[in-house]
Each structure stands twice: as C-alpha cells, then as structure tokens.
Amino acid sequence: MTELAKVMKEQVGKAAAQRVKSNSIVGLGTGSTTAYTIQFLGEFLKSGALTNIVGIPTSFQSEVLAKQYGIPLTTLDAVDRIDIAIDGADEVDPHKNLIKGGGAAHTREKVVDYLAEEFIVVVDSSKIVERLGSSFPVPVEVIPMALSPVMRAIEKLGGKPELRMGIRKAGPVITDQGNMVIDVRFDSIDDPANLEKTLNNIPGVLENGIFVGVTDLVLIGEIVDGEPKVREL
Ligand code: 5RP
C-alpha cells in the first residue's frame, strides 16, 4: 500500500469515527479501513471527546483492535439495539449495494451491520463500481463437509468457484466460525438481491458477501490534487 493510500484510509476511517455519538452502541467492522475507525474511536474515548460507547465486534480482528485501543465491548445477548455500525467493503455500486468478505468476516458483519440503526461504509475510491462483481468475486462461507456439493451447485448457477487459501498458513482460510470460504466469479451480476438469496439457499452455505439495501451512507476516501479528501455517497 502506498503512503497516500494509507492516508486516504486513515482520513475516511477518522471521518466515520467522528460521526459516532456518546452513549451509543457501535458495530465495529473488519478490515484495514475500519481498523483506523477503531483506532480513532479509542483515541476519542481517551481524550474525553467521546464518552460511554460500547462496541460489538464483527471479527477476532476488530475484537483485538478494540481491546488494544480501550473500547469496551459487549455482545448481542446483552443489548437489544445497535445505534451505528461502521464497516468497509470490497465493492460499492451506485445503489450502495456491496460485496464484502475480503477479510472472510462477512457473516458476522452481516449480522451486526443489518441490525444497526445507521450503517456507514468506509472505502477508498477504487471500490466504487458500476456493477457488483466487476472486480471482486462474491465470498461464500461454507461449512467444511458441504464444500464439494456447494462448489458444484455454484457451477450450475454459472459461477466460477475457488476455495480461498491462506497466506502464511498452509491450506484453506478458516473463518472465525471454523468454516471455509469460496470466492465466486460471475460474468455479470444483474440482480444482486436475487443472487444473494439463491446462494444462501444452497444447503451448506452459511452466508455470502452480497449486502443489498442496507447501507445508509458511504464515505469515500480519494486523492484530489494530491490531497486526501472524503466525499459522501
Ligand atoms: C472483511 C470485509 C472488509 O470490510 C473489506 O474486505 C474491506 O477491507 P479493507 O478496508 O481492508 O479494504 O468485508 O470481511
């Protein structure tokens, strides 16, 4: 990642953290952009700019970061609402529909992000696409014993499935729930809402990374005249 790209992520992560109000329950997303949001939330708590927030993590990554930056955590058993969730995305279309799951955390992210009163997505401008699936495959979390039949079912739907392999870990990526992830390329995703349901209907699929009709606001980090800027969609 270039220094400018880092600054862009930092700016957009900070802009999202600035939208969090005191006394709120906050869904903490996963990824390199929301890592900055978590860092700034911790700093705002420390400085007193923000008081009495509790976080609900969407992954081991966000749990570890929240602890590192001093954000108290809770669970969905202990609260009956989430006021705001902030999360990254791998693709965003003009209707604010998303592909998520680049960090294999889309199942927990979907639970938390869909429950939030307000859902803010933080991305850099490279994630904005005209049509979902243009550059990023759809991540599908699968229980391990169903891997082969799910792969075959996805091929019948016209998708090209590939088991996600670990980096600096031999063998497949294992999710925080102990499952595997299949990344699926489709020639064209004309109806994301329908594809989301169809994939989830395959026995053995836990959840896929298509998020439809849930995003309230997208904050986009971009470089304008050599300077990092944040704009809204
Ligand atoms: C994890 C995700 C991430 O939010 C998504 O991959 C974006 O990550 P980054 O901010 O590092 O680009 O969906 O499952």
Side-chain angles (χ1 to χ4, degrees), residues 1-17 26-41 55-66 84-93 96-116 119-129 132-142 164-167 172-185 192 196 199 205-212 214-223 228 230 233:
M1 205 191 309
T2 65
E3 201 47 45
L4 215 49
K6 258 192 213 161
V7 176
M8 196 158 68
K9 278 178 191 272
E10 186 177 351
Q11 293 296 308
V12 77
K14 184 177 184 182
V26 188
L28 303 172
T30 299
S32 55
T33 320
T34 38
Y36 284 113
T37 303
I38 295 171
Q39 179 190 325
F40 281 106
L41 286 175
I56 302 209
T58 54
S59 61
F60 292 153
Q61 183 211 27
S62 51
E63 186 177 333
V64 166
L65 284 172
I84 184 169
I86 298 167
D87 210 340
D90 302 297
E91 281 189 348
V92 180
D93 79 4
K96 300 185 204 147
N97 297 325
L98 316 172
I99 291 183
K100 288 185 49 53
H106 56 277
T107 300
R108 289 192 196 191
E109 291 175 324
K110 202 176 262 191
V111 173
V112 170
D113 298 346
Y114 274 65
L115 279 172
F119 174 38
I120 299 181
V121 170
V122 284
V123 289
D124 62 65
S125 50
S126 69
K127 309 284 186 71
I128 306 299
V129 295
L132 291 185
S134 321
S135 58
F136 206 83
V138 179
V140 178
E141 181 166 355
V142 184
R164 191 182 298 183
M165 302 307 282
I167 295 171
V173 165
I174 302 297
T175 68
D176 293 359
Q177 293 73 241
N179 296 313
M180 295 183 190
V181 174
I182 302 173
D183 289 308
V184 188
R185 291 215 172 262
E196 182 190 8
L199 287 169
V205 169
L206 181 59
E207 191 51 83
N208 70 80
I210 301 176
F211 286 45
V212 173
V214 68
T215 310
D216 294 302
L217 175 70
V218 185
L219 296 177
I220 306 166
E222 57 191 358
I223 305 295
V230 177
L233 175 73

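When reading the values below, keep in mind they use all heavy atoms of this one structure, side chains included, and skip hydrogens, waters and symmetry mates. One-based numbering, in listed order, for ligands and for the atoms of each.
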Say you draw a straight line from CG of N179 to CD of E207; how long is it, rounded to the nearest 0.5 Å? 11.5 Å

For T33, the atoms of ligand 1 under 4.0 Å from one of its heavy atoms are 9 (P), 10 (O)

Check whether D176 reaches the backbone of F60 with its side chain - one donor and one acceptor, N or O, closer than 3.5 Å. yes

Show the atoms of ligand 1 that are less than 4.0 angstrom away from any heavy atom in G103. 1 (C), 2 (C), 6 (O), 14 (O)

Spell out, as yes or no, whether a donor-acceptor pair under 3.5 Å connects the side chain of T58 to the backbone of L28. yes

E196/K110 salt bridge by N-O under 4.0 Å criterion: yes

Do any nitrogen or oxygen atoms of G31 come within less than 3.5 Å of a nitrogen or oxygen of ligand 1? no

Does S32 reach ligand 1 with a nitrogen or oxygen that is under 3.5 Å from one of the ligand's nitrogen or oxygen atoms? yes

Counting heavy atoms only, which part of P139 comes closer than 4.0 Å to ligand 1: side chain, backbone, both or neither? neither

Flag for E91-S135: side-chain donor and acceptor within less than 3.5 Å: yes

Need the ligand 1 atom indices (1-based, order shown) with element for anything under 4.0 Å from a heavy-atom of K127. 7 (C), 9 (P), 12 (O)

Of all the heavy atoms in G29, does at least one lie under 4.0 Å from an atom in ligand 1? no

Numbered in order shown, the ligand 1 atoms found under 4.0 Å of a heavy atom of G101 are 2 (C), 13 (O), 14 (O)

Which residue and non-hydrogen atom of the protein lie closest to atom 3 (C) of ligand 1, and at what distance in Å? T30 O, 3.2 Å

Counting N and O atoms only, with roles assigned by atom type, does the side chain of E10 sit under 3.5 Å from a partner on the main chain of Y36, one being a donor and the other an acceptor? no

Out of curiosity, S62 OG to I86 CD1, how far, rounded to the nearest 0.5 Å? 12.0 Å

Could you list the atoms of ligand 1 found under 4.0 angstrom from a heavy atom of A104? 14 (O)

CZ/F211 to CG/D90 distance, rounded to the nearest 0.5 angstrom? 10.0 Å

Taking 4.0 angstrom as the limit and counting only heavy atoms of G88, give me the atoms of ligand 1 inside it, by number and element. 4 (O)

Provide the number and element of each atom of ligand 1 under 4.0 Å from a heavy atom of D90. 5 (C), 6 (O), 7 (C), 13 (O)

Kindly compute the distance separating CD (E141) from CD1 (I174), expressed to the nearest 0.5 Å. 9.5 Å

May I ask you to identify, for D87, whether its side chain, its backbone, both or neither come under 4.0 Å of ligand 1 on a heavy-atom basis? side chain

